[in-house]
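All values reported here derive from a predicted model rather than from experimental measurement.
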Amino acid sequence: MRNRHKFTSIICCAMADMIAMLLGTIVFLNFAIKENSGWNTLFQDKMIPITVLSWLFSVAYFQLYRVDVLFSLEYFFRNSWRAFLMQRILWHIYIIIFQDKVEYFLGSKANLFQLSFLLLYFLVSRIVFTVVIEKVKGRIFKSYTVAIWGFNKTSIELASHLESNSFFIDFIGILNENSSETYTNNEDFSLALSEAIHSASNSNINELYIVSKPDFISDLNYFFELGDKHCMRLKFVPDFSSISKKHFNSSHVNHFHVIKPRFEPLQNAYNRLIKRVFDIVFSSLVIVLIMSWLYPLLAFFIKKQSKGPVLFKQIRTGKKNEPFCCYKFRSMYIDGSDESIQAQKGDCRITPIGKFLRRTSLDEMPQFFNVWLGNMSVVGPRPHMIKHTSDYNCHINNFMVRHFVKPGITGLAQVKGLRGETKNVSDMKRRVTTDIQYVQGWSLITDIKICFLTIIVTLKGDENAF
């Protein structure tokens, strides 16, 4: 009963979403025809297939209609808007690439009505979806009950996760939460667990999570058979909280259970491919549309104000701690001073045009060549000089974690104001913490968001940019 209603609700929502995306495209085409856009028939005929493909790609990437035992409305709503945003971006890219009337597209009524229709649909549909599944949940005669046995830090975190993702299940809680009993050997633990399974069966619990120290789990087959006799699903969760206070990430390699210190999305080859495609497309557009005229213009002013090359090349630390040559527009005089000294506010080494370049971050623009060559990414932790990497690695334990990914032109730390000179080790620790947060939480949407925030921060001005 539970799964049937859940599947029906999700499938109906998926069908309604696809119909809405198609209707939005039809609305767009109707208004485009009325406005005499002049677009060729072949281009317009491909818009519906592009809509279908871009929407299918978006929902597959964000796993929008994934149906698991645990279902979170918050997760579903968040991924709905993420999928919608990605579909819109793919749609716009298609038109910009294959249609030369970009200025018409951006200001057309067709685009406005289509966007308004889709925004209204997603807002109303998600409200209706919430109401419907609330009604469905209330009509389920026999709920699927889940509980936890074992009271420790890991079980508390698991209980919090189940509570926030238990829309289609009835989470009872931790059965022995109020018990003060402790176990010193396997015999006492096995006896207590056997009694707990019998008691849970009498309470009509369908699924029981058993959270305990690995040392106490000696004979899983016996307990699994005991659970089978009571028609109860048992799931063992090892408690590693006594080993470390950190939040581990676990995975499987064939039959081996692997524990890692953190989750890294970019270890997935598919995610790396997506990020690389984004880097190539973004950097190519910047090089062709901006650097083609900005480079000679800035080169003229740089050469006129001081002698020396237009580009400043410096060896910096890249991915896997490998050095690479980082490009920047030269913003300082060539005076033979130590290049490892960070720029300070009011630094006399900075040229007049250099002050403007550094304040507006235009000095970083040549790094799009680094991105195109594969040394850097558009978004990622900022690369440091070799000396600074060595110095800070001695004072900050997890400093090198930021080098698990390619360095970026901009990053999460930069849009949060953690850029510029680092006078104290504590300043660098805050930056490293934010960089690791990016490494652990990477997504394509995050990169796009950071790019937009970078533009906003640059236009507003950053007091740490000097």
Side-chain angles (χ1 to χ4, degrees), residues 10 14 17-18 21 49-72 74-94 97 165 247-285 318-322 324 368 370-381 401-412 435-452:
I10 296 295
D17 289 349
M18 179 59 76
M21 297 302 298
I50 289 297
T51 299
V52 174
L53 291 175
S54 60
W55 178 244
L56 289 177
F57 174 81
S58 301
V59 298
Y61 178 75
F62 290 107
Q63 298 181 346
L64 180 58
Y65 305 120
R66 183 177 63 184
V67 181
D68 294 328
V69 173
L70 300 180
F71 180 83
S72 171
E74 180 183 353
Y75 177 87
F76 179 73
F77 293 155
R78 183 168 63 247
N79 282 350
S80 293
W81 291 111
R82 286 176 175 175
F84 171 72
L85 177 61
M86 176 176 279
Q87 193 277 335
R88 291 288 84 200
I89 292 173
L90 294 174
W91 166 274
H92 289 185
I93 289 174
Y94 169 73
I97 292 176
N165 297 273
H247 294 275
F248 291 118
N249 175 256
S250 62
S251 60
H252 288 85
V253 177
N254 291 332
H255 300 294
F256 299 96
H257 190 78
V258 180
I259 299 175
K260 301 179 291 185
R262 63 188 62 83
F263 174 65
E264 298 177 51
L266 287 175
Q267 278 200 305
N268 184 295
Y270 178 69
N271 289 339
R272 289 199 301 273
L273 175 63
I274 291 175
K275 186 172 177 63
R276 183 58 183 155
V277 170
F278 173 75
D279 286 342
I280 292 175
V281 172
F282 195 97
S283 59
S284 298
L285 290 174
K319 184 180 179 182
K320 300 177 183 177
N321 200 27
E322 295 178 355
F324 74 98
F368 282 104
N370 285 115
V371 174
W372 201 80
L373 293 171
N375 298 323
M376 294 179 65
S377 179
V378 175
V379 181
V401 174
R402 63 198 304 279
H403 297 101
F404 287 168
V405 298
K406 289 182 181 179
I409 299 176
T410 184
L412 184 62
D435 287 337
I436 294 176
Q437 180 185 342
Y438 169 78
V439 171
Q440 293 179 297
W442 175 88
S443 70
L444 180 61
I445 297 299
T446 300
D447 276 8
I448 295 172
K449 180 181 177 181
I450 290 174
C451 289
F452 279 114

Whether Phe368 and Phe282 hold their rings parallel, tilted or perpendicular, with breakpoints at 30° and 60°: parallel
Checking Asn370 now: which residues fulfil side chain to side chain donor-acceptor pair (under 3.5 Å) with it, not counting sequence neighbours? none
Distance col, row Phe62:CZ vs Phe76:CZ, nearest 0.5 angstrom, shows 14.0 Å
Which distance, rounded to the nearest 0.5 Å, do you find between the CG of Leu85 and the CG of Leu90? 9.5 Å
I want to check something: taking the side chain as every heavy atom from C-beta on, are Met376 and Ile409 in contact at a cut-off of under 4.5 Å? yes
Check whether any side-chain heavy atom of Ser377 sits under 4.5 Å from a side-chain heavy atom of Val405, and report yes or no. no
Tell me every residue that passes side chain to side chain donor-acceptor pair (under 3.5 Å) with Tyr438, counting only those two or more places apart in sequence or in another chain. Lys275, Asp447
May I have the step-by-step check of side-chain contact (heavy atoms from CB on, under 4.5 Å) for Phe278 and Ile448, ending in yes or no? CA-CA 9 Å; Phe278 173 75; Ile448 295 172; 4.1 Å; yes
Residue pair Leu266 / Phe404, side-chain heavy-atom distance below 4.5 Å: no
Looking only at non-hydrogen atoms, find the nearest pair between Asn321 and His403 and report the distance. N-CB, 4.2 Å
Supply the atom-to-atom distance Lys319 NZ to Arg402 CZ, rounded to the nearest 0.5 angstrom. 14.5 Å
With rounding to the nearest 0.5 angstrom, report the CD1 to CD distance, Ile436 to Gln440. 7.0 Å
Distance check, rounded to the nearest 0.5 Å: Met86 atom CE versus Tyr61 atom OH? 5.5 Å
Less than 4.5 Å apart, any side-chain heavy atom of Leu64 and any of Trp55? yes
Donor + acceptor pair across side chains of Thr51, Trp91 (<3.5 Å): no
